[in-house]
Amino acid sequence: MAIYSLNHRSIGKSTHAPGTAGAHVDYITRDSAARIVLSQHMPSHRHEAHAWLDQAEASDRKNGRVCDKVMLALPRELSPEERAELVRDFARQVGQGKAPWLAAIHDKGADAQNPHAHLVIRDKDPETGKRVAGLSEKGSTERLRELWEAIANAHLQRAGHTARIDRRTLAAQGIDRKAQIHVGPRANAMAEQGKTPVSKIRKDHQGRVIRYPEIDYSVRGMKTRGQHNAKIINLNEQKAKDEARKWDLSSWEEAVESARKEGFASLVERAEIGLQVAKEFVEARKPLPHYHSEVNAVAEKRWKAIGDDRRAAEQARQEKVAKEAEARRREQAAEKTALANRYEARLRLAEATAKAAKGAEGQKSQIEQAHPWRSRLHKVGLSFGPLADVESRVSAAQKAKEELFADAAGCEAFEERKAALEAQKRAQKAAVEKAQALEKGQGHQVKSGPEKSITSAKAPQKGKGVSRGDGGIGL
């Protein structure tokens, strides 16, 4: 079955011994292991590639990144030619056709059942000197893993195979088994036969010393490599659990769900703020167990700020509503004042025209008796001045009266203003009377004192005034 494996590391000028990149290329392209070597923008020959990388390393700055190395497990379902095309397609897409790369495919001899490819990429455009693959950026390994999954599955599908590779963990794939550490067919066969592998102290591709004799044999008795690997798996599982606990958001997620069950929007919003802050700490790689109090403090501060903003917005809204209401009240008051003023003007006009028209009928009769012929001519259209004047006064009075009665809105506004003025006068009068009563009461208290006697002036009699000068103005 197709398996997923991608290992990404880098070789730096300041982190590795000089010539490490060239030596690595020399090792992966050795004839005993590499069946085919592919390259682009750099030599594919073993020694020429070694020299090319040495020269590139010499031109880099002292803390430069010489190259990146990627090891890929190749699907056994594909033919050797299809696997080579898969590696070539992946390398081109990673380097966007600009970055130099070299790939050595190992699928012969001991690697016949474990086909894999060693890919060396120098992330620097030979023409511009700029990085094009972004392999030194954060998250570059995950992007490589995602790209390899997509390209490998596309090639498997194109070749007519149903097998697919999956970069997700076994748990994410829904597979209930522990991840395994590679033991190898020979070690497994020897374990099945009850034999202990005869091994030597070796170094892995990172230069780490692995003491296989101590692994394969312990002072407590016989121990297979599989048993040792099982111990490592358990240790790795515990380490993974401890690491996962640092970024566990379950307590904040449970708080949100609990708030939603309560049904109060404010509680839900507050819990969601806490969850959001916890996620921000996780993205900043701050372990939640160590920053638990800081998460709560930030969430509380953010919640308080939201509350302050909402209160300020509500206050501004209320002030706006009050201003609009005051403006409407003033507009209505101005409108009522205009209506009342108009009605008052019509009332004065009606009173004046009615006064002018008073006795018009009598005057008309007298004029008709005094001037019968002119009156007759006036009736047929030949205007007679005295009669026309009387009729115009009567007509003006009638028109003013009709306009006054038709102005219902003005009448209402005028009556309201009149009532308000009368109420104001009554209130003023009541206030004056109250003040006089208080003053009078205080005067009586002073007169009734045991040791004080005040003689007040005699008040003038009703109808009589106090003279001022020679004329005498009654007060």
Side-chain angles (χ1 to χ4, degrees), residues 322-441 456-475:
K323 288 181 180 179
E324 292 175 351
E326 178 64 18
R328 287 194 299 270
R329 187 191 67 77
R330 290 179 179 177
E331 290 177 359
Q332 292 172 357
E335 184 179 356
K336 284 190 175 182
T337 299
L339 291 173
N341 290 340
R342 184 186 68 186
Y343 184 82
E344 186 176 8
R346 287 177 174 175
L347 178 62
R348 299 291 177 262
L349 178 62
E351 291 175 348
T353 55
K355 185 177 180 180
K358 186 178 182 181
E361 292 296 332
Q363 293 176 6
K364 184 179 181 181
S365 297
Q366 293 175 3
I367 294 171
E368 288 177 347
Q369 289 175 5
H371 305 279
W373 288 103
R374 289 194 175 187
S375 299
R376 293 176 184 176
L377 293 175
H378 178 78
K379 292 180 180 180
V380 296
L382 293 177
S383 178
F384 180 44
L387 286 176
D389 179 60
V390 172
E391 289 176 350
S392 65
R393 281 185 285 159
V394 173
S395 177
Q398 183 64 30
K399 181 180 179 182
K401 184 177 180 181
E402 290 176 355
E403 289 180 351
L404 182 67
F405 285 132
D407 192 2
C411 179
E412 182 180 357
F414 179 78
E415 293 297 333
E416 286 183 3
R417 185 170 69 179
K418 184 178 179 181
L421 290 174
E422 290 177 354
Q424 184 178 1
K425 289 179 180 180
R426 287 195 299 271
Q428 292 176 351
K429 182 178 179 181
V432 170
E433 291 176 351
K434 183 177 181 181
Q436 291 176 347
L438 289 174
E439 185 178 356
K440 184 176 180 181
S456 60
K458 187 176 181 181
Q461 296 181 1
K462 186 176 181 182
K464 297 182 178 180
V466 179
S467 62
R468 177 180 298 174
D470 295 333
I473 299 175
L475 295 178

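Note that this is a predicted model, so its numbers are computed, not measured.
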Inset, instruction - State, yes or no, whether a side-chain contact exists between E402 and Q398 at a heavy-atom distance under 4.5 Å. - result: yes
Inset, instruction - May I ask you to decide whether R329 forms a salt bridge with E326, counting only side-chain N to carboxylate O separations under 4.0 Å? - result: yes
Legend entry - Taking every non-hydrogen atom, the tightest pair across R342 and G410: NH2-N, 4.3 Å
Inset, instruction - Output yes when a side-chain donor or acceptor of N341 lies under 3.5 Å from a complementary backbone atom of T337, and no otherwise. - result: yes
Inset, instruction - Could you pull out the closest heavy-atom pair between S375 and E368, with the gap in Å? - result: OG-CA, 3.2 Å
Legend entry - Closest non-hydrogen atom pair between A397 and A357, with its separation: CB-CB, 3.8 Å
Legend entry - Value rounded to 0.5 Å, distance of CG in L347 from SG in C411: 9.0 Å
Legend entry - side chain to side chain contact (heavy atoms under 4.5 Å, CB included) assessment of Q436 paired with K440: CA-CA 6 Å; Q436 291 176 347; K440 184 176 180 181; over 6 Å; no
Inset, instruction - Rounded to the nearest 0.5 Å, what's the gap from NE2 on H371 to CD on Q366? Could you check? - result: 10.5 Å
Legend entry - Gap separating the CD atom of E412 from the CG atom of D407, nearest 0.5 angstrom: 10.5 Å
Legend entry - Minimal non-hydrogen separation, A356 against R393, with atom names: O-NH1, 3.1 Å
Legend entry - E331 CD to E324 CD distance, which is reported to the nearest 0.5 Å: 10.5 Å
Legend entry - Non-neighbouring partners of L349 that pass side chain to side chain contact (heavy atoms under 4.5 Å, CB included), sequence neighbours left out: T353, A400
Legend entry - Check: K425 and K429 side chains under 4.5 Å, non-hydrogen atoms: no
Legend entry - Matching residue for F384 among L377, I367, D389 - test: side chain to side chain contact (heavy atoms under 4.5 Å, CB included): I367
Legend entry - Rounded distance (nearest 0.5 Å) linking atom CG of L387 with atom CD of Q363: 10.5 Å
Inset, instruction - May I ask you to test the K418-E415 pair for a side-chain heavy-atom distance under 4.5 Å? - result: yes
Legend entry - Check ion pair E351-K355 (N to O, under 4.0 angstrom): no
Inset, instruction - Could you pull out all residues at least two apart from E391 that satisfy side-chain hydrogen bond (donor to acceptor under 3.5 Å, both in side chains)? - result: H378
Legend entry - Shortest non-hydrogen contact between R346 and E403, atoms and distance: NH1-O, 3.8 Å
